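Everything quoted here is computed from the prediction, not taken from an experiment. Here is how names work: the chains are called A, B, and so on, in the same order as the sequence lines, proteins then strands, and each is numbered from 1. All values below come from the heavy atoms of this structure, side chains included, with hydrogens, waters and symmetry mates left out.
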There are 2 protein chains.
Amino acid sequence: MARDLQEQIKKLIIDRRLPSGASLPTEPELMELLGVSRNSVREALKALQAMGIVEIRHGFGTYVGPMSMAPMIEGLTFRTVAGHYRGEDSLLQLLELREAVETGLVGRLIGRVTEADLAELDALVDRMDTEAATEGAVSPATDRAFHATLYRGLGNPLLGEVMEAFWDAFHRVRTDLVPRAHDPKVTGIQHREIVDAVRSGDTLRAERAVREHFGDIRERLSAPSAPTAAPHLPYDR
Amino acid sequence: MARDLQEQIKKLIIDRRLPSGASLPTEPELMELLGVSRNSVREALKALQAMGIVEIRHGFGTYVGPMSMAPMIEGLTFRTVAGHYRGEDSLLQLLELREAVETGLVGRLIGRVTEADLAELDALVDRMDTEAATEGAVSPATDRAFHATLYRGLGNPLLGEVMEAFWDAFHRVRTDLVPRAHDPKVTGIQHREIVDAVRSGDTLRAERAVREHFGDIRERLSAPSAPTAAPHLPYDR
DNA sequence: CTAGCTCAGTTGGTTAGAGCAGCTGACTCT
DNA sequence: AGAGTCAGCTGCTCTAACCAACTGAGCTAG
């Protein structure tokens, strides 16, 4: 029945064509509308909130959620962390997922990416070099922006969101479990090669550049620490 | 605070290295353990259940969930349906996501897929033909199995799950909104071409075969019905 | 007259206690 | 020895009350 409740609220959103950000009935209204107790309404809303379908603001109201990939990131992150601590190579699998998808997609960029995007990518690589020189490390935000900008050229916002979700999940787990510094200079070089390869229109070169980039991360990942070598669990998210 | 509760339960799973299927403390136990009321415990569990992290069985107990991609499918499905009814081309975007990823991945299969997998794929295509002849349509299960088997050859279970999740979401939305029959004979031919192309080791041919397959679906999708042309909402999932 | 404060009302957050419903396992009767 | 039954655990739902965050109208001070 609780399952049914969630579906009814979803149906309500669909039926009323509510866009993201629209306000939903209040809890008492939903109680009467659905003929259940407040408690049940709240449990259903909590579940929908966890799926990003609904957004709850204390003292203000309940709204249709942004329908982002945030819940997927959450789930993927937890799944990976849990697997890691059970001795699985879940983090490596997540990296390989990204590698497979990104090497597969970079070829589609050839002849499709705009000059403006390429210029933006150049700027991002420059920023990586700057950060490497001044702070000794490339900030995660810059790396994230690079990958997001790169695949934005494919013209599919959903695809972009999914890619960002994979990035987010991987990065969150990596910083928690393997707080290892990259060689920031290499990072800049590898990203620049990706941009140059895409600009040159050479599909194979672009794929190789992406593969090399990921290969580097993978090496850093699998080299030193076995998954079970983490005695005091730093997980507290 | 409720947010915090979920994190504490997650932490409990991590700390105790609980595998999928392991039993969690009962609700009263969690009440005492976390120092909150039963209601709050339940809301937290409901949210975790929605994310697939926890599995609740009435009258039996609470268990660590299978950590599958089911919640992601749920979210993606709803997002797509909601977008569709608001006049967006969300279903097309989802299809393009699949097309982009699958055309990107099929090249990686070359020289990596085993003979056994190829044989299985042959059998699946044969079954498609049989179904087309006897029932007039290829069953969704067969199509799903084909795509799952194909990308299983990449040797990354996570990747396989993600691909299946995309397939599931797309299929669920499509059957709800565009209950259109494919020409089953064409379906068989296109799938067979994908298998043959992969077997031949010709990357470009494989990519073209996949692209053609998706192009066919896309055509069927965008041809007849504008999104707004659905007056009586059949959505009741 | 305006800027700022205060307070009442609305909304979600939390707690408590009671009873309902599904499942298991041991006990009992045949 | 086997099948039926019942006690107990488990999660599910409801009611009722109060707490906490936010808004907005009205008041007060400048």
Working for ring pair (Phe, Tyr, Trp, His ring centres under 6.0 Å), residues H147(A) and H171(A): CA-CA 13 Å; H147(A) 289 265; H171(A) 186 265; over 10 Å; no
Side-chain donor/acceptor of S20(B) to backbone N/O of G65(B), under 3.5 Å: yes
E74(A)/R172(A) ion pair, N-O < 4.0 Å: yes
Pair K10(A) + E7(A): basic N to acidic O under 4.0 Å: yes
Under 4.0 Å protein heavy-atom contacts per nucleotide of nucleotides 4-15 of chain D, with B for base, S for backbone only and - for none: ------BBBBBB
Beyond-backbone contact of L76(A) with M69(B), side-chain heavy atoms, under 4.5 angstrom: yes
